[in-house]
Protein chains: 2
Amino acid sequence: MPKIVDAEARRQEVVQAVFRIIASDGLERASLREVADEAGLAVGSVRHYFASSDDLLVFSFGAVIDRIAGRLESAMTAVEAERQGSSAQQAAVLNLLGQFLPLDEELAVDACVWMAFRHAARIKPVLAAEAERSHRAVAAVVGRLIMLLSPQEAEAQQTLVAEAERLLATMDGLCMHALLQPEWMTAEMCSDVLTAHLRSLAGAPASS
Amino acid sequence: MPKIVDAEARRQEVVQAVFRIIASDGLERASLREVADEAGLAVGSVRHYFASSDDLLVFSFGAVIDRIAGRLESAMTAVEAERQGSSAQQAAVLNLLGQFLPLDEELAVDACVWMAFRHAARIKPVLAAEAERSHRAVAAVVGRLIMLLSPQEAEAQQTLVAEAERLLATMDGLCMHALLQPEWMTAEMCSDVLTAHLRSLAGAPASS
DNA sequence: GGTGTTGAAGCACGTTCGTGCTAAAAAATA
DNA sequence: TATTTTTTAGCACGAACGTGCTTCAACACC
C-alpha cells in the first residue's frame with residue numbers, strides 16, 4: 001500500500017523532539033511548528049501522527065513517565081536482590097535514588113520534561129490523569145524502598161507513609177534544586193544530602 | 001500637575017492581578033491584556049507603569065520574593081527569641097517551616113507564583129537575577145535554623161551545609177507536592193513529615 | 001481661567017499559535 | 001502500467017501576543 005513507515009518509531013522520534021524543546025526552551029515553546037522543525041518534518045506530518053497539540057503533549061508526558069518508572073523499577077529490583085543491610089545494597093539504594101536526579105544528559109532531559117509536565121498539569125486538565133499515574137508509580141517504588149530500609153522494630157503504618165512522603169519530597173526538591181540552581185546543588189552536594197537522609201532513616205527509627 | 005495617583009500603590013495593584021492570574025491560570029497566561037483586564041485597567045495603563053512585559057514579570061517576581069523572605073525573617077526572629085529546646089521554640093520552628101507551604105489562601109497564591117517564576121527563570125534570562133536573590137534569601141534563613149537546631153556536638157561545616165540543603169530540598173518538595181497533589185499531600189501529612197524531619201535533625205546527629 | 005504635564009485608553013503592525021482543509025508525492029497492489 | 005492508500009507538505013483562517021505610537025481626559029500651577 002503506502003510508503004512503509006514504522007508509525008510507532010515515528011511517534012517516538014517526534015516525542016524525542018518534544019523532549020529536546022522542553023529541556024532547552026520550556027514547555028510553552030513546544031508548539032506544533034517548533035516540534036515539526038526540530039523533528040525535521042512538516043506541521044502536517046506531525047499532525048498525521050498526533051490528532052492535536054494536546055494529544056502530542058499527553059503522549060509525550062506518558063512517554064517520559066514510562067521511561068522514569070521503568071528506570072526506577074529496574075533499580076528497585078536490583079536493590080531487593082542485594083543482601084539486607086549489605087554495602088552492596090547501600091550502593092544499589094544510592095543508585096536508585098540517583099535515578100531521580102539530573103546526573104547525566106539523558107537524566108537531565110527527562111527530569112526537565114517531567115517537572116515541566118507535572119507543573120503544567122496543575123493548569124491543563126488534559127494532563128491531570130497522567131500526573132496521577134506518575135505520582136502513583138513513583139510513590140509505589142519509594143514506598144517499597146521505605147519498607148525495606150526502615151528498622152524492623154514495630155512501626156506504625158502512618159509513620160511509614162510519612163517517611164515515604166518525606167523521602168519523595170526530598171527527592172523532588174533535590175531534583176528541582178539541581179535543575180534550577182545547578183551551581184549550588186552540585187552532584188557532590190546531592191550525594192551528601194542523600195547519604196545524610198539515609199543515615200537519618202536507619203539511625204533514627206521514627207517510633208511514633 | 002497631573003492627576004494625583006499613588007504610583008507605587010497602583011503598581012502593587014497590578015502585581016496582585018499578576019499573582020491571581022498566575023495562581024489560577026499559570027504564568028504563560030499572565031499577558032499584558034489578561035493582567036490589564038484582571039486589574040480593571042487598559043493595556044496602555046499597565047504599560048504606563050511597566051515599560052514592558054518583562055519589566056512587569058521581573059517586578060512581580062521581586063515582589064513575591066520580598067513577601068516570602070519577609071515572612072521567613074520575622075518567623076525566624078520569633079524562633080530565635082524562644083528558649084533553646086523549649087516546646088515554644090519547637091512550635092515557632094513549625095510555624096517558620098509552615099511559611100513555605102500553601103496552608104491558607106494567601107500562602108497558596110504566593111507558593112504558586114514563587115514556583116512558577118523559579119521554574120520560568122530556568123528559561124528566561126531576565127528572571128535569573130531575582131531567582132538567585134530568592135535562593136540566597138531562603139538559604140540564609142534555613143542555614144540559621146540548622147545552626148540553631150543542630151546538636152551542639154562538634155559538627156563539620158560541610159555537614160551543616162548538607163543538612164541545610166536537605167531541609168531546603170524537603171521544604172521545596174513538600175511545597176511542590178502540596179501544590180500539585182493536594183489530595184495526597186494534605187496539611188496533616190505535611191505536619192507529619194515536618195515533625196519526622198525535625199526529629200531526625202535532633203535525634204540523629206549527623207556526625208561525619 | 002488658561003496651560004502644560006501626566007494618567008488612561010486605544011489603534012495598528014508584525015509574529016506566532018492551533019487547526020481545518022487541500023494537494024502532491026510515494027510505494028504496494030491490481 | 002494503472003490504481004489505491006498512506007505519508008508529506010502546505011495554505012488559510014481566526015485568535016492572541018508584545019509593542020510603538022497617538023489620542024483624550026484630568027488636574028496642579030501660573
Side-chain angles (χ1 to χ4, degrees), chain A residues 1-22 24-61 116-117 119-121 123-127, chain B residues 1-22 24-61 116-117 119-121 123-127:
Chain A
M1 304 183 191
K3 184 172 173 183
I4 47 173
V5 138
D6 186 339
E8 195 51 39
R10 264 271 196 268
R11 288 165 75 93
Q12 285 299 330
E13 287 176 26
V14 175
V15 165
Q16 288 300 318
V18 171
F19 287 179
R20 287 193 298 270
I21 291 177
I22 292 179
S24 64
D25 295 334
L27 192 143
E28 64 277 3
R29 300 293 301 271
S31 66
L32 283 180
R33 287 172 175 82
E34 289 276 350
V35 171
D37 270 16
E38 177 72 29
L41 297 175
V43 177
S45 305
V46 174
R47 292 193 59 211
H48 178 74
Y49 295 100
F50 299 96
S52 70
S53 176
D54 281 354
D55 262 32
L56 173 57
L57 294 184
V58 171
F59 187 87
S60 300
F61 193 7
F117 274 123
H119 277 88
I123 301 300
K124 300 196 69 172
V126 281
L127 300 176
Chain B
M1 306 187 189
K3 186 172 172 182
I4 48 172
V5 139
D6 186 339
E8 194 52 40
R10 264 274 196 265
R11 289 166 75 93
Q12 284 300 330
E13 288 176 26
V14 176
V15 165
Q16 287 301 318
V18 172
F19 287 0
R20 288 194 297 272
I21 291 177
I22 292 178
S24 64
D25 295 334
L27 193 142
E28 63 277 2
R29 299 292 301 271
S31 66
L32 284 179
R33 286 171 175 82
E34 290 275 350
V35 171
D37 269 16
E38 177 72 28
L41 296 174
V43 177
S45 306
V46 174
R47 292 193 58 211
H48 178 74
Y49 294 99
F50 299 96
S52 68
S53 176
D54 281 353
D55 262 32
L56 173 58
L57 295 184
V58 171
F59 188 87
S60 300
F61 193 6
F117 274 123
H119 277 88
I123 300 301
K124 299 196 72 171
V126 282
L127 299 176

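Please read these numbers as outputs of a predicted model, since none were measured by experiment. Chain letters run A, B, ... following the sequence lines, proteins first, then strands; residues in each count from 1.
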[X] to [Y] - nearest heavy-atom pair and separation:
| X | Y | result |
| --- | --- | --- |
| B/Val14 | B/Leu41 | CG2-CD1, 4.1 Å |
| B/Ile21 | B/Glu38 | CD1-CB, 3.8 Å |
| A/Gly26 | B/Ile123 | N-CD1, 3.6 Å |

Figure out the [atom1]/[atom2] separation between [X] and [N], and round it to whole Å.
| X | N | atom1 | atom2 | result |
| --- | --- | --- | --- | --- |
| A/Ile21 | C/dT16 | CD1 | C1' | 14 Å |
| B/Asp37 | D/dG18 | CG | C1' | 15 Å |
| B/His48 | D/dT19 | NE2 | P | 17 Å |
| B/Glu13 | C/dG7 | CD | P | 14 Å |
| A/Tyr49 | C/dT19 | OH | C1' | 19 Å |
| B/Glu8 | C/dG7 | CD | P | 13 Å |
| A/Asp25 | C/dT16 | CG | P | 14 Å |

Nearest-0.5 Å distance, NE2 of residue A/His48 to CZ of residue A/Arg11: 10.0 Å
Any residue meeting salt bridge (Lys or Arg N to Asp or Glu O under 4.0 Å) with B/Arg33, in chain and number order, not counting sequence neighbours: none
Partners passing side chain to side chain contact (heavy atoms under 4.5 Å, CB included) against A/Gln16 (at least two apart in sequence or in another chain): A/Phe19, A/Arg20, A/Arg67
Members of residues 27-35 of chain A that approach DNA chain C, where some heavy atom sits under 4.0 Å away: A/Ser31, A/Leu32, A/Arg33, A/Glu34
DNA chain C-proximal residues of residues 51-61 of chain A, any heavy atom under 4.0 Å: A/Ser52, A/Ser53
Hey, can you pull the donor-acceptor pairs under 3.5 Å for the side chains in residues 53-61 of chain B, sequence neighbours left out?
| from | atom 1 | to | atom 2 | distance (Å) |
| --- | --- | --- | --- | --- |
| B/Asp54 | OD1 | B/Lys124 | NZ | 3.2 |
| B/Ser60 | OG | B/Leu56 | O | 2.8 |

B/Phe50/B/Leu32 under side chain to side chain contact (heavy atoms under 4.5 Å, CB included): CA gap, chis, key distance, verdict: CA-CA 10 Å; B/Phe50 299 96; B/Leu32 284 179; over 6 Å; no
Residues forming a side-chain hydrogen bond (donor to acceptor under 3.5 Å, both in side chains) with A/Gln12, sequence neighbours excluded: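 With neighbours one apart ignored, the set is empty.
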Among D/dA9, C/dA8, C/dG7, the one nearest B/Ser45 by side-chain distance: C/dA8
Donor-acceptor pair under 3.5 Å, A/Arg47 side chain vs C/dG20 base: yes
